Amino acid sequence: MYDLLIRGGHVIDPANNLNAPADVAIRDGRIAAVAEFIDPAQARAVIDATGQIVTPGLVDLHTHVYWGVTYWGIEADPVAARSGVTTWVDAGSAGAYSFPGFRHFICNASRVRMFAFLNLSAIGLIAPTWEFANLDYCDIDLAARTIEENRDMLVGIKARIDHNTTRGVGIRPLELARTLADRVALPLMVHIGNAPPALDEIVALLRPGDILTHCFTGGTHRLLSDDGRLSPVARALRERGVLLDIGHGTGSFSYRVAEAALAEGLLPDIISSDIHQLSVQGPMFDLPTTLSKFLNLGMSLPDVIDRATRRPALAIGKPELGTLQPGAPADVALFRLEEADVTFYDVEMNPRAGNRRLVCTMTMIDGQLLPQRAERAPAIWAILPEHQRRILDRG
């Protein structure tokens, strides 16, 4: 009856409010059944998941996977095999000029599922930054035509708004991105970090369903007041329906901000990695490591999994992903929750002691195992900041 049975594991599927021991059956690349017990005699092959956690394949809302063309891009499949991420959402690596190559050479050649936010700047992230410094690259008509021809893959608009990307042009790129997002009826993902422009100017242009990524940045755009408590802006964003996304990366996750937010009951809507040529070297490493940081900050395991499966899938309008609902694609991840003394770091290398971490043991896409293979060496320019490299080299 079934092609494959994953039995004996503890299933966490927030989309179906499931957090219990259960077996998962797969047929024809889709979830066929989830139940407390499924007879293994009904399956052609059986995977013993005893002692492990079974989740939907993770959905990473903020990644950079345009390898070989952009400054930031990694190759997704090798990292997916060891991390449980089956859906990769590229956050603006491609603009209108480079999106055809992204689709043909990256997406079509990868086993993992890929979607993307289109960068308003037609050159995308070829270089580390500065993509909005020349407003001639902000061709709204060209971007809109690109989206209309690629709506199966393009799920939103991306704009990085900080003192580097907008050098000399102020808030104008975000105003143009707002116009584009409204025109094509897709969400806008906005990167924050350091002013200018001011955070108030940025927030004023965000709408319900938009995504503020790097929401726990320690830069001057941080959501903290001078007294170390959450600023009124943070509450206003939540009340307005703007989604708060982590986007850890190499420069965008602060324990100080995260701890203040969680202490005041403000949890992130989505936990994403911002994985790229630098952050994959540490202290981010991968999405399971990022999830483990929030586990050790006191969030529950179901809440953490929810923010890396159901919620990001809904944010990009793909409710059929990030779930083990029968009929859904059989994207599945298996994890061990290891108890161990671990030191985690934020991007400023502030340490926090932890006692548990998620370790992926298996990644499946459409019911097929994604085999592990060697990852590409970092690009010659991908050198971590000295303050990170010094501590990470010490082990």
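Everything numeric in this text was worked out from a predicted model, so none of it was measured. Sequential numbering from 1 along the given sequence is applied to the chain's residues.
Within the 3.5 Å criterion, the main-chain N or O of Pro351 finds no donor-acceptor partner in the side chain of Thr343. Judged by distance alone, the side chain of Arg238 and the main-chain N or O of Leu267 form a donor-acceptor pair under 3.5 Å. A donor-acceptor pair is defined here as one N or O able to donate and one able to accept, closer than 3.5 Å; no such pair exists between the side chain of Trp72 and the backbone of Ser93. A donor-acceptor pair under 3.5 Å links the side-chain atoms of Ser110 to the main chain of Ile106, judged by distance alone. Asp331 contributes a side-chain N or O that, together with a main-chain N or O of Asp366, makes up a donor-acceptor pair within less than 3.5 Å. For the pair Lys158 (side chain) and Phe117 (backbone), a donor-acceptor distance under 3.5 Å is absent. Checking side-chain atoms of Ser273 against main-chain N and O of Asp286 turns up no donor-acceptor pair under 3.5 Å. Using a distance-only test at 3.5 Å, with no hydrogens or angles considered, a donor-acceptor pair links the side chain of Arg222 to the main chain of Gly219. Judged by distance alone, with hydrogens and angles left aside, the side-chain atoms of Asp346 form a donor-acceptor pair with the main-chain N or O of Tyr255 at under 3.5 Å. Here the side chain of Lys318 pairs no donor or acceptor atom with the backbone of Pro312 at under 3.5 angstrom.
Side-chain contact of Asp48 with Thr50: a donor-acceptor pair under 3.5 Å is present, judged by distance alone. In this structure, a donor-acceptor pair under 3.5 Å is absent between the side chains of Arg352 and Asn296. Gln388 and Thr250 are not linked by any side-chain donor-acceptor pair at a separation below 3.5 angstrom, with hydrogens and angles left out of the test. A donor atom on one side chain and an acceptor atom on the other are found under 3.5 Å apart for Asn19 and His10.
Other residues, nucleotides and ligands contribute over 12 non-hydrogen atoms within 6.0 Å of the CZ atom of Arg207. Shown here is Glu339, whose CD atom has no more than 12 heavy atoms of other residues, nucleotides or ligands within 6.0 Å. Residue Asp341 places its CG atom among 12 or fewer non-hydrogen atoms of other residues, nucleotides or ligands, all under 6.0 Å distant.
In this structure, the ring of Phe294 has its center less than 6.0 angstrom from the ring center of Phe253.
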Output, in order, the C-alpha distance, side-chain angles, deciding distance and verdict of side-chain contact (heavy atoms from CB on, under 4.5 Å) for Phe37 and Asp23.
-> CA-CA 6 Å; Phe37 174 78; Asp23 297 343; 4.1 Å; yes
Phe335 and Leu58: side-chain contact (heavy atoms from CB on, under 4.5 Å), yes or no, with the steps?
-> CA-CA 11 Å; Phe335 296 93; Leu58 303 184; 3.8 Å; yes
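None of Thr63, Val79, Leu287 except one satisfies the side-chain contact (heavy atoms from CB on, under 4.5 Å) rule with Val85; the exception is Leu287. With Leu243 as the fixed residue, the side-chain contact (heavy atoms from CB on, under 4.5 Å) test singles out one of Leu237, Leu212, Leu206, Ile211: Ile211.
Of the inter-residue distances, the one linking Asp60 atom CG with Phe115 atom CZ reads 13.5 Å to the nearest 0.5 angstrom. Interatomic distance, Thr55 OG1 to Leu18 CG, rounded to the nearest 0.5 Å: 11.5 Å. In this structure, Leu392 CG and Leu384 CG are separated by 6.5 Å, a value rounded to the nearest 0.5 Å.
Under the 30°/60° scheme for interplanar angles, the aromatic rings of His62 and His214 are found to be tilted. The aromatic rings of Phe102 and Tyr66 sit perpendicular, their planes meeting at an angle over 60°, well past the 30° parallel limit.
Of the charged side-chain nitrogens involved, at least one lies within less than 4.0 Å of a carboxylate oxygen, so that Arg151 and Glu148 count as a salt-bridged pair. Ion pairing between a basic and an acidic side chain is recognised when a charged N comes within 4.0 Å of a carboxylate O; Asp303 and Arg311 show no such pairing. Between Arg111 and Asp77 there is no salt bridge, since no side-chain nitrogen of the basic residue lies less than 4.0 Å from a carboxylate oxygen of the acidic one. Classification of Glu75 and Arg373 as a salt-bridged pair holds, one side-chain N sitting under 4.0 Å from a carboxylate O.
Nearest approach of Pro302 to Pro14, heavy atoms of both residues: O-CG, 3.8 Å.
Between Val34 and Asp13, every side-chain heavy-atom pair lies at or beyond the 4.5 Å cut-off.
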